[in-house]
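For reference, the structure discussed in these notes is given below.
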Amino acid sequence: MDLRSELLKSIWYGFTALDLEKSGKVSKSQLKVLSHNLCTVLSIPHDPVALEEHFRDDDDGPVSSQGYMPYLNKYILDKVIEGSFNKENVDELCWTLTAKKNYQPDRSSSTILPEIDAFRLWCLFNFLSEDKYPLVMVPDEVEYLLKKICMAMSIEFNCVELEDFFSQDSVHLGGITVWAFLELMNSGKINRGIDKSVISMAIEEVYREIVGDVLKEGYLWKKGQLRRNWKERWFTLRPSNLSYYTGEDRKECQGNIVLDGNCCVEVLPDRDGKRCMFCLKTLSKTYEMSASDTKQRQEWTTAIQTAIRLYVEGKKSLHKDLKLKRREQRDQREKRRQAKEEELQRLRALQEERERKLAELELLKEAQKQAQVLLEQDEQRRRQQHEQLQRALEVQLREAEEARVSMQAEMALKEEEAERQRKRIQELEEMQKRLEEALQQEIKARLDEEAFRYAQAGLLAEEEEKMKALMNLQEEQEEYILKTQREKQELKQEMEAKSRALEEAQRQLEEVRANRHRVDQDVVAAQRKLRQASTNVKHWNVQMNRLMRPIGPGEKRPSLGSSFSAFQMPTQRDPGLRLRRRSGSEDQDEESKENVDNRAGCDLEKRHSHASNGDMDIP
């Protein structure tokens with residue numbers, strides 16, 4: 001069963017779930033939504049107008065499943081790349097659609113399975129169902145699946161409940177639907193008196209064994225390639241590779257050994273303090289390993305050889321191969337049953353023919369008896385006639401002679417008739433002997449067939465035990481695969497969170513850089529104003545020095561109007577001084593304040609002195 005067939009089984013449930021009226025057709029709007037969701041979970045690009053273009057010649061009515069299949073194959077399934085998506089997501093999408101319509105159990109019942117268990121049983125049903133629509137699972141596969149679940153729960157499977165279930169409805173003899181199967185599981189007949197957690201664990205174990213491809217998992221001692229020391233590793237065997245980790249949580253993968261037709265497994269003698277050793281040889285390396293006991297070593301070597309055989313035969317899944325083999329066995333049993341029925345019909349015909357010939361033989365014997373009686377009667381009459389003839393011999397000698405001649409002729413005819421009757425009886429006895437020989441051959445053939453059937457049953461039982469062991473190993477390996485997937489998902493979410501934090505930090509860094517650039521511009525403007533203020537201070541110092549120089553006798557007093565008109569006292573509101581106080585050092589601020597205060601005080605004193613002398617009027 002290829003990937004396309006597996007996807008079509010799940011998509012078929014999704015399509016039929018959208019057919020609310022059970023007419024076999026679905027509206028285009030619903031098909032658009034279904035197609036978009038399928039493209040999303042299958043990781044392929046979605047063309048929103050492809051559906052309209054594909055059904056351009058159709059009317060606005062709904063589309064049947066036969067009409068949707070060409071579009072599904074051309075625009076969706078032909079673009080699917082194996083390994084680029086998670087098939088479990090496709091199954092979850094289709095299960096969500098079909099469960100809303102078809103799976104509505106009585107939630108108040110204590111035997112109802114959880115939603116996740118119902119989903120896993122649905123996936124197992126799809127895997128084991130026949131490749132015919134509508135999908136059904138034959139009774140042999142139902143019994144096989146239930147035996148696996150009971151084996152995982154460590155209980156004995158009760159075939160009586162299953163036989164009663166199939167005997168209730170003759171339609172089930174050809175196979176049951178998934179909803180009838182889920183109803184059987186929810187009824188509690190199979191798992192009566194068992195805790196729900198145990199049932200859930202068993203279903204999960206069987207799901208991971210059959211749907212996944214883990215052949216075996218467990219701890220082994222492995223010899224290093226460089227340091228040549230022994231370390232205990234957790235190994236996981238799949239049909240294509242053998243991976244090993246530091247622990248059974250499988251967080252740190254230490255290596256991956258690719259299996260192909262060039263690989264082989266050999267048993268090694270005990271050395272280096274290790275026992276139960278074996279090695280896996282590839283084209284480039286030889287990996288030495290040690291198991292805990294001889295049984296584990298035998299199981300590991302057998303499982304690795306099985307994986308190599310699957311690769312050589314071009315098979316990707318062990319359970320798919322087993323499913324095909326079980327199907328071939330069912331076909332062979334059906335052919336043998338038909339051949340047996342034909343043989344029984346032939347034997348019945350032979351028996352009827354034998355009975356018919358025996359009846360004829362009885363009739364012939366009865367006819368022979370009647371002929372013997374008639375012969376005796378004739379002989380008696382002949383004797384009487386002979387006596388009469390002898391008594392009348394003297395009288396009618398000529399007539400007696402003629403009568404004797406006629407009687408002799410009649411006796412010859414009677415003897416010939418009796419000879420023919422004896423030959424006929426001999427032929428019938430020979431035919432009876434041949435019939436008895438044929439009957440003996442038939443009995444011998446039946447005994448040979450019964451011996452062959454017992455031998456075949458023994459082989460089938462031995463094969464089933466081996467398959468159970470392999471399936472248990474695959475269940476364990478599948479469990480650890482799912483753990484690795486969940487851990488990988490958590491790491492992915494953590495990386496996404498760190499990426500978002502990094503982007504936020506980069507954005508804040510850009511804002512800081514922009515603020516720094518604006519501050520640099522403000523600093524440049526403040527420095528420019530500071531230089532301007534320094535120039536003004538120098539100019540004020542020159543003017544103050546000129547005003548503070550004493551006037552000698554006979555010197556002409558300079559006109560103060562021109563000096564004061566060119567000099568203006570700086571105010572505290574001057575932005576240059578404010579910027580200088582805010583951005584400059586404390587020493588420069590104190591020095592500038594002292595100079596300005598001193599000069600302003602001298603200027604005021606001079607103004608008061610001039611005002612008292614009446615020399616000038618300062619506004």
Side-chain angles (χ1 to χ4, degrees), residues 139 163 166-167 170-171 173-174 329-460:
E163 291 175 358
F166 283 113
S167 62
S170 60
V171 179
L173 296 177
Q329 291 176 357
R330 288 197 300 272
D331 295 339
Q332 291 176 359
R333 287 198 301 269
E334 183 65 22
K335 290 180 181 178
R336 287 196 297 269
R337 185 186 64 80
Q338 293 177 357
K340 187 176 180 180
E341 289 180 355
E342 293 176 358
E343 182 68 18
L344 289 175
Q345 291 178 358
R346 188 178 66 83
L347 291 175
R348 290 193 192 100
L350 289 175
Q351 185 70 18
E352 292 175 357
E353 182 69 18
R354 179 174 176 272
E355 292 176 355
R356 185 177 62 79
K357 291 191 175 183
L358 288 175
E360 292 179 357
L361 183 61
E362 291 292 334
L363 292 175
L364 289 174
K365 288 181 178 180
E366 186 68 24
Q368 184 180 6
K369 291 180 180 179
Q370 293 178 0
Q372 186 69 26
V373 172
L374 292 174
L375 185 61
E376 291 177 355
Q377 293 176 358
D378 291 341
E379 184 67 22
Q380 186 69 25
R381 285 193 304 269
R382 187 183 63 78
R383 289 175 181 175
Q384 292 176 359
Q385 291 174 0
H386 183 65
E387 291 175 356
Q388 291 175 2
L389 288 173
Q390 283 184 352
R391 285 191 301 265
L393 180 61
E394 294 177 356
V395 180
Q396 298 177 349
L397 183 58
R398 187 176 293 177
E399 294 177 356
E401 188 68 24
E402 292 176 358
R404 187 179 61 80
V405 171
S406 63
M407 287 297 294
Q408 287 179 352
E410 185 177 357
M411 283 296 294
L413 293 176
K414 292 293 183 180
E415 289 177 357
E416 292 177 358
E417 181 68 22
E419 186 67 25
R420 286 195 298 269
Q421 291 294 334
R422 283 193 296 272
K423 290 182 179 180
R424 180 63 175 167
I425 290 171
Q426 290 177 357
E427 291 177 356
L428 290 175
E429 289 176 351
E430 292 177 356
M431 186 177 295
Q432 183 178 4
K433 291 179 180 180
R434 288 196 296 269
L435 288 174
E436 290 176 354
E437 292 176 357
L439 183 60
Q440 292 295 330
Q441 292 177 358
E442 177 185 356
I443 294 171
K444 183 179 180 181
R446 287 185 178 180
L447 293 175
D448 294 340
E449 180 184 2
E450 193 70 23
F452 176 74
R453 187 180 304 156
Y454 287 147
Q456 186 180 18
L459 292 175
L460 289 175

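The pair E430-K433 fails the salt-bridge criterion, with no side-chain N (NZ, NE, NH1 or NH2) lying under 4.0 Å from an Asp/Glu carboxylate O. Taking 4.0 Å as the cut-off between side-chain N and carboxylate O, K414 and E410 do not count as a salt-bridged pair. A salt bridge does not link E360 to K357: none of the charged side-chain nitrogens sits closer than 4.0 Å to a carboxylate oxygen. Between E449 and R446 there is no salt bridge, since no side-chain N of the basic residue sits under 4.0 Å from a carboxylate O of the acidic one. Of the charged side-chain nitrogens involved, none lies within less than 4.0 Å of a carboxylate oxygen, so that E437 and R434 do not count as a salt-bridged pair. Look at R337 and E341 and you find a salt bridge, because one of the NZ, NE, NH1 or NH2 atoms lies within 4.0 Å of a carboxylate O, short of that distance.
A heavy-atom distance below 4.5 Å is found between the side chains of E379 and M411. Counting heavy atoms from C-beta on, the side chains of E442 and L439 come closer than 4.5 Å.
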Please test E362 against L358 for side chain to side chain contact (heavy atoms under 4.5 Å, CB included), starting from the C-alpha separation and ending with a verdict.
CA-CA 6 Å; E362 291 292 334; L358 288 175; 5.6 Å; no

Kindly determine whether Q432 and R354 satisfy side chain to side chain contact (heavy atoms under 4.5 Å, CB included), including the steps that lead there.
CA-CA 8 Å; Q432 183 178 4; R354 179 174 176 272; 6.0 Å; no

Quick one, Q456 with R336, criterion side chain to side chain contact (heavy atoms under 4.5 Å, CB included). Give me CA distance, side-chain angles, the key distance, then yes/no.
CA-CA 13 Å; Q456 186 180 18; R336 287 196 297 269; 3.3 Å; yes

Quick one: do L364 and L428 satisfy side chain to side chain contact (heavy atoms under 4.5 Å, CB included)? Show the steps, please.
CA-CA 9 Å; L364 289 174; L428 290 175; 2.5 Å; yes

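With rounding to the nearest 0.5 angstrom, the CD atom of Q332 is 12.0 Å from the CD atom of E334. For the atom pair CD of E417 and CZ of R422, the computed distance is 10.5 Å after rounding to the nearest 0.5 Å. L350 CG to R356 CZ: the interatomic distance, rounded to the nearest 0.5 Å, is 11.5 Å. With values rounded to the nearest 0.5 angstrom, L344 atom CG is found 12.0 Å from Q351 atom CD. Annotation: the span from Q388 atom CD to R383 atom CZ amounts to 14.5 Å, rounded to 0.5 Å. For the atom pair CD of Q329 and CG of L460, the computed distance is 5.5 Å after rounding to the nearest 0.5 Å.
For CD of E355, the number of neighbouring non-hydrogen atoms (other residues, nucleotides, ligands) closer than 6.0 Å is greater than 12.
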